[in-house]
Chemist: 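Quick one: the structure is below, questions incoming.
The chains referred to below are lettered A, B, ... by the order of the sequence lines, with proteins before strands, and numbering in each begins at 1. All heavy atoms count here, side chains included; hydrogens, waters and symmetry mates do not.
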2 protein chains.
Amino acid sequence: MDSVFFSKPRPGSGQPLGLSREAIVRKAMEMLDAHGMQKLSMRKLAAELGAAPMSLYWHVPTKDALIELCLDEIYGEFPLPAPDADWEPALREMMHSLRHLALKHPWWVRGIGEFNSIGPNAVAMADSMLEPMLRAGLSTAAAAQSVSTVSSFVTGFALAEANFAARGGMDEPPPDLGKIADLYREKHPRYVEMLNDPAVWMLEGQFEFGLDCVIDGIKARVAALRS
Amino acid sequence: MDSVFFSKPRPGSGQPLGLSREAIVRKAMEMLDAHGMQKLSMRKLAAELGAAPMSLYWHVPTKDALIELCLDEIYGEFPLPAPDADWEPALREMMHSLRHLALKHPWWVRGIGEFNSIGPNAVAMADSMLEPMLRAGLSTAAAAQSVSTVSSFVTGFALAEANFAARGGMDEPPPDLGKIADLYREKHPRYVEMLNDPAVWMLEGQFEFGLDCVIDGIKARVAALRS
DNA sequence: TACGAGCAACTTACATCGTACGAGACCGCA
DNA sequence: TGCGGTCTCGTACGATGTAAGTTGCTCGTA
C-alpha cells in the first residue's frame with residue numbers, strides 16, 4: 001500500500017546506466033500520451049527502450065508505480081502562478097492550465113480516478129493553489145473548499161472532454177451522432193435537439209461558461225468567509 | 001466502434017435460458033460494486049454464475065460492452081424529478097442523486113472516463129436534467145451549458161471522493177496521512193496544515209459548499225439568459 | 001594481480017486475462 | 001426422421017504483469 005514516493009529509487013552508485021528511472025518515465029509518458037493507459041505494457045515499453053521487459057523492474061517496482069510517477073511528471077508541467085497575484089485571476093489562470101494539462105495528456109483524468117496524487121509535483125501544485133486563497137484572508141478549510149470546488153469542476157469537465165476527444169476532433173460533434181439521434185428521436189426529442197445544436201460542441205465556450213459560474217459562486221462567498 | 005446499444009441482444013426465442021443478458025448484467029453489477037472494474041474478469045463472472053467462461057459471449061459481445069450495459073443500469077437507478085418542479089430545487093436534488101449513485105457504485109465515475117454513456121437510461125437521465133432548465137425559459141444551448149457545468153462539478157467531486165473512499169472510510173482522513181504529512185512538512189507547511197484540518201475530510205460539507213457555489217453561479221445567469 | 005561485493009541487465013517461467021473458433025446439445029417444426 | 005435455430009461448452013492462442021534466479025560488469029580492497 002506504500003506509495004513509490006515514500007522510497008527513493010534503487011541506490012545506484014554503479015555505472016551501466018543504459019536504463020534509468022528518468023528515461024523509463026520519459027518514454028512511458030510518450031506512449032501514454034499517444035495511446036492511453038490500457039495500451040501501455042511493460043513489454044512494449046521495454047522494446048521501445050531497447051531493453052528486456054524485466055530490466056525495467058530494477059528501476060521501477062511495478063507498473064502502477066510507474067504510472068504514478070508519470071502522473072506526477074504531469075503535475076511538474078503545471079505553471080506556478082505569480083507569487084503576488086490576486087486570488088481570482090490566479091485561480092482562473094491555474095484552472096486554464098489544468099485544462100491544458102488534461103488536453104495534452106488525455107489519460108491524466110482517468111489516472112486521477114485510480115491513483116492517489118501525493119507525489120512532490122502534485123503536492124507543489126495543490127500548495128500553490130491554496131496560496132492565493134489564504135493570502136486573500138480565507139481560513140485553511142475555506143481555502144481548501146474553494147480550491148476543491150473549482151478543480152472538481154475542471155476535472156469533471158476534462159473527464160467528459162477526454163471522452164469526446166477520444167472519438168473525433170475537438171469542437172465538433174462525434175461521428176456516430178447521427179445514429180444516436182435516430183435512436184432517441186421519438187422518445188427524447190429535447191435531447192436530440194440539444195445534440196444537433198452546434199453550440200453544445202464548442203467545448204472551449206462551455207468551459208469558459210462553467211468556470212465563470214463556479215468562480216462567481218466562490219467570489220460571493222469569499223467576502224463572507226473573510227470577515 | 002459500434003455501441004452495444006445500436007443492436008439488440010441475440011434474438012432468442014429458444015428455451016434453455018439458464019443464462020440471460022439480465023442475469024449476467026445483474027451479477028456483474030454486484031461484482032463491480034464490490035471490487036471494481038479491474039478485478040472483474042469474464043472467467044470469475046462465469047464461475048459465479050455457474051457457467052463456462054465462453055457461455056457469456058452468446059449474450060454479450062465483449063467485456064467492454066458488458067460494462068457499458070452495467071453503466072447504463074446505474075443510470076436506470078436515477079430518480080427522475082417531479083415534472084413540474086422549479087429548476088433550482090430540481091437541479092439540486094438531481095445532483096444529490098448523482099452523488100449517491102457515485103457512492104453506491106464507486107466504479108461508475110471511472111467508467112465515465114472510458115466509455116460513452118449513450119444507453120437508454122443515460123439518455124433519459126440527461127433528458128430529464130434538461131427539462132426543468134428549458135421550462136425555466138432557457139435556450140437549448142443555455143440549458144445544456146448549465147447542466148454540463150453542475151454535473152461536471154459533481155462527477156469531478158465524485159472522482160476524488162471515490163479515490164478517498166477506496167482507502168479508508170468516509171469523512172475521515174486516509175490512513176497514510178501521517179507519512180504524507182511527514183514527507184512534506186518542511187517544504188509545504190500550508191498544505192500539511194490543510195491535511196490536518198478535520199473540516200477538509202468532511203466530504204458531505206465540501207460537496208454542499210461546492211454545489212451551492214455552482215448553482216449560485218448559474219442562478220445569476222439564468223435571469224440574463226432568459227430575457 | 002586476485003577476489004568478493006553489489007549493481008544492472010537478462011532468461012525463463014507462471015498465472016491470469018479476453019476471446020476466436022468450432023463442436024456439441026437441445027428444441028420446435030417439416 | 002431430419003433440419004435449422006438457439007444456446008452452452010472445451011480447447012487454444014496471444015498478451016499481460018511479474019516472481020525467481022542467472023549472468024556479467026565495475027569497483028574497492030588486499
Chemist: OP1 or OP2 of C:dA8 sitting under 4.0 Å from any side-chain N/O of A:S55?
Modeler: no
Chemist: How does protein contact run along nucleotides 15-24 of chain C, one letter per nucleotide 5' to 3', with B for base contact, S for sugar-phosphate only, - for none, heavy atoms under 4.0 Å?
Modeler: --BBBBB---
Chemist: Starting at NE2 of A:H35 and ending at P of D:dA15, how long is that distance when rounded to a whole Å?
Modeler: 16 Å
Chemist: May I ask you to test the A:Q206-B:T149 pair for a side-chain heavy-atom distance under 4.5 Å?
Modeler: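 They are not in side-chain contact.
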Chemist: Taking CD from A:Q38 and C1' from D:dT16, how many angstroms apart are they, rounded to a whole number?
Modeler: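 It is 13 Å, rounded to the nearest whole Å.
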Chemist: Per the salt bridge (Lys or Arg N to Asp or Glu O under 4.0 Å) rule, what does the pair list look like for residues 117-127 of chain B, sequence neighbours excluded?
Modeler: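 Sorted result for residues 117-127 of chain B: A:R190-B:D127.
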Chemist: Before accepting this row, confirm whether a basic side-chain N of the pair B:D182/B:K179 lies closer than 4.0 Å to the acidic partner's carboxylate O.
Modeler: no
Chemist: State plainly whether the residues A:E73 and A:R26 are in salt-bridge range, i.e. N to O under 4.0 Å.
Modeler: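 Not counted as a salt bridge, because no side-chain N and carboxylate O are separated by less than 4.0 Å.
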Chemist: Which whole-number value in Å describes the distance from A:L49 CG to C:dA9 P?
Modeler: 11 Å
Chemist: Tell me the interatomic distance from A:R21, atom CZ, to C:dA8, atom P, rounded to whole angstroms.
Modeler: 12 Å
Chemist: Can you find a pair of side-chain heavy atoms, one from A:C70 and one from A:W107, that are under 4.5 Å apart?
Modeler: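 Result yes, sub-4.5 Å side-chain heavy-atom pair found.
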Chemist: Below 4.0 angstrom, N of the basic side chain to O of the carboxylate: do B:E208 and B:R99 qualify?
Modeler: no
Chemist: If I take atom CH2 in residue A:W58 and atom P in nucleotide D:dT22, what distance separates them, rounded to the nearest angstrom?
Modeler: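 Value for this atom pair: 16 Å.
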Chemist: Answer yes or no: does a side-chain N or O of A:H59 lie under 4.0 Å from OP1 or OP2 of C:dC7?
Modeler: no
